[in-house]
Structures are given as structure tokens and as C-alpha cells.
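Everything below concerns the one structure shown next.
Whatever order the structure lists them in is the order used to number ligands and atoms, beginning at 1. What you see below is based on every heavy atom in this structure, not just the backbone, and it leaves out hydrogens, waters and symmetry mates.
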Amino acid sequence: MTVFLVGLTGGIGSGKSTVAGCFRARGWHVIDADAVAREIVAPGERTLADLAERFGDAILRPDGSLDRPALARVAFADDASRADLDRLTHPRIAARIAERLAVLGGQEPGPDPLIAVVDHPLLIETGQTGRFDEVVVVLAEEATRVARLVRDRGLPEDDIRARMRAQAGDDERRAAATHLLVNEGSLAELEAAAGAVADRIEAAAREARGASPW
Ligand code: ATP
């Protein structure tokens with residue numbers, strides 16, 4: 001069964017997870033790239049062994065699991081380390097997501113049309129937008145995002161801004177988008193706008209599989 005593929009991206013704190021929740025509520029299949037990124041470094045995974053080989057056993061806890069703060073300290077220390085971290089993780093995350101999508105496409109029967117969303121903070125940065133039928137970008141001003149993340153997650157402002165600097169800028173995001181959601185209003189407004197985008201995507205998915213939308 002053909003999967004109609006939707007990429008969902010935006011900067012940290014832009015509202016991606018909220019929009020992903022709206023899409024999930026419509027019965028779409030949502031793959032969370034952050035969850036996949038955690039899976040591929042679980043004990044026993046090849047990526048964890050490769051990271052330990054590159055950055056040293058100090059990135060491992062005594063029980064063999066990944067010590068994330070320790071990895072962040074060494075891997076974000078300089079550009080070459082950062083590049084190695086990306087090289088060892090990004091292709092594997094993409095491959096694991098592709099496996100999931102292949103399994104989904106192999107299932108019969110499924111919802112018709114079958115729509116899968118990949119919620120990925122680095123869809124643009126990792127050059128993957130071309131693989132998707134539609135790309136939904138969530139945008140919000142930096143100050144709005146910082147305020148929400150400090151309020152809701154208690155993250156230190158410096159950490160948030162450091163992560164923002166490693167992400168694509170809004171011009172790149174606008175250029176990659178087939179649907180843009182500007183999240184400067186209330187949560188209810190975001191959910192309504194996400195619903196309208198979902199209607200358009202469902203119509204496009206039906207058209208893509210050649211069926212009449214009526
Ligand atoms: P991350 O990149 O960190 O995973 P995200 O892009 O998935 O973030 P969300 O988790 O959806 O963003 O939103 C960040 C925080 O801001 C959440 O606590 C969410 O409830 C809140 N939020 C999102 N949109 C709005 C809004 N329009 N009004 C108020 N709060 C909002």
C-alpha cells in the first residue's frame with residue numbers, strides 16, 4: 001500500500017509535537033525522529049558502540065547505557081566532533097525511519113489513504129525534505145519559543161539559544177515548506193490551523209492515489 005509521506009519540522013519549541021498530536025488524532029501514523037534518535041543509542045545498538053569507539057568509554061554509564069550529558073560535553077566541544085556525531089547518528093536515524101515506513105507500507109489493509117508523518121527537528125538540516133510528498137513547517141519567533149520552553153519545560157535560556165543556533169533559519173524553513181503554520185497565537189488557533197492543513201493534505205493524498213475526493 002502506498003504511503004503518502006508528510007514531513008513535519010520547525011525549530012525547537014515551535015510547536016511540532018502539538019501539531020503532530022493533531023495529525024495523530026486524525027488517524028495518521030506519526031514517527032517521532034527524537035524517539036528514534038534515542039532508540040538507536042540504546043544498549044546493544046551498533047551506534048552506541050561506534051560512539052564509544054569515537055568519543056571514549058567516558059560517554060557510557062557503569063551499566064553500559066549512554067551518558068547523554070557526557071556525550072554532549074565531548075561531542076559539542078568542537079566542529080569536528082560535532083560533525084562526527086552527526087555522521088554516526090543522522091544516517092542511522094534516517095535508515096531506521098525508512099525501515100518503519102517500509103513496514104507500514106507493507107501492511108494490508110490499512111487506512112485509505114495511508115498518511116505517515118515524520119516529526120523531525122532536523123529534516124531540513126539533514127537534507128531530507130525531497131523525500132516527502134508534503135512538508136509542514138511550524139514557525140514561531142525565537143522570543144516566543146524561548147518563553148514557552150522556559151515556562152513549560154524549565155529549560156535554561158542559554159541551552160535553548162545554543163540549540164537554536166545549530167538549527168536552520170526561518171528563511172530556509174519557509175523555502176522548504178509546502179504548508180506553513182505560524183504559531184504566534186493560542187494553542188486553539190494552532191490546532192485549528194493544523195486541522196485546515198490536514199484537510200488539504202488528505203485531499204492531496206486522495207488525489208495522489210487517483211481516487212475522487214468525493
Ligand atoms: P521541541 O523541538 O523541543 O520538541 P516542539 O516544536 O515539539 O518542541 P511543542 O512541544 O509542541 O514544540 O511546544 C513547545 C511548548 O510550547 C509546549 O509546552 C507547548 O504546549 C507550548 N505551546 C506550543 N504552542 C503554543 C501556543 N500557541 N500557545 C501556548 N503554548 C504553546
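- Note that OG1 of Thr89 and CD1 of Ile40 are 5.5 Å apart. Values are rounded to the nearest 0.5 Å.
- Of the inter-residue distances, the one linking Thr144 atom OG1 with Asn183 atom CG reads 8.0 Å to the nearest 0.5 angstrom.
- Contact analysis puts Ser186 in contact with ligand 1, with a non-hydrogen atom separation below 4.0 angstrom.
- At the top of the distance list for atom 7 (O) of ligand 1, counting protein heavy atoms only, stands Ser17 OG, 2.5 Å.
- Scanning all protein heavy atoms for the shortest distance to atom 11 (O) of ligand 1 gives Thr18 OG1, 2.6 Å.
- Considering Arg148, Glu189, Arg153, Arg151 only, the shortest heavy-atom separation from atom 4 (O) of ligand 1 involves Arg153.
- Heavy-atom separations between Gly11 and ligand 1 include at least one value shorter than 4.0 Å.
- Residues meeting the salt bridge (charged side-chain N to carboxylate O under 4.0 Å, His left out) test with Arg73, sequence neighbours left out: none.
- The main-chain N or O of Ala168 is found under 3.5 Å from a side-chain atom of Glu125 such that the two form a donor-acceptor pair.
- Note: no N/O pair closer than 3.5 Å links Leu149 and ligand 1 by distance alone.
- Under 4.0 Å is where a charged nitrogen must lie from a carboxylate oxygen, and between Asp170 and Arg173 at least one such pair does.
- Geometrically, ligand 1 and Ser14 share a nitrogen or oxygen pair separated by less than 3.5 Å.
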**Message:** Run Thr126 and Gln128 through side-chain hydrogen bond (donor to acceptor under 3.5 Å, both in side chains) and show every step you take.
**Reply:** CA-CA 6 Å; Thr126 53; Gln128 298 185 70; 2.8 Å; yes
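- Atom CZ of Arg151 and atom CG of Leu155 lie 12.5 Å apart (nearest 0.5 Å).
- Compare Thr144, Leu190, Leu187 by their heavy atoms: the one nearest to atom 25 (C) of ligand 1 is in Leu187.
- Residue Val138 does not touch ligand 1, judged by heavy-atom distances below 4.0 Å.
- If you check which protein heavy atom lies closest to atom 8 (O) of ligand 1, you get Gly13 N, 3.1 Å.
- Those atoms of ligand 1 with a heavy atom of Lys16 less than 4.0 angstrom away are 1 (P), 2 (O), 5 (P), 6 (O), 7 (O), 8 (O), 11 (O), 12 (O).
- Within the listing of ligand 1, atoms 26 (C), 27 (N), 28 (N) sit less than 4.0 angstrom from a heavy atom of Gly185.
- Here the shortest heavy-atom distance to atom 24 (N) of ligand 1, taken over Leu8, Ile12, Asp152, Asn183, belongs to Asn183.
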**Message:** side-chain contact (heavy atoms from CB on, under 4.5 Å), that's the test. Do Phe23 and Ile115 meet it? Break it down for me.
**Reply:** CA-CA 9 Å; Phe23 291 164; Ile115 303 177; over 6 Å; no
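- Ligand 1 has a nitrogen or oxygen under 3.5 angstrom from a nitrogen or oxygen of Gly15.
- Separating the NE2 atom in His179 from the CD1 atom in Ile201 is a distance of 4.0 Å, to the nearest 0.5 Å.
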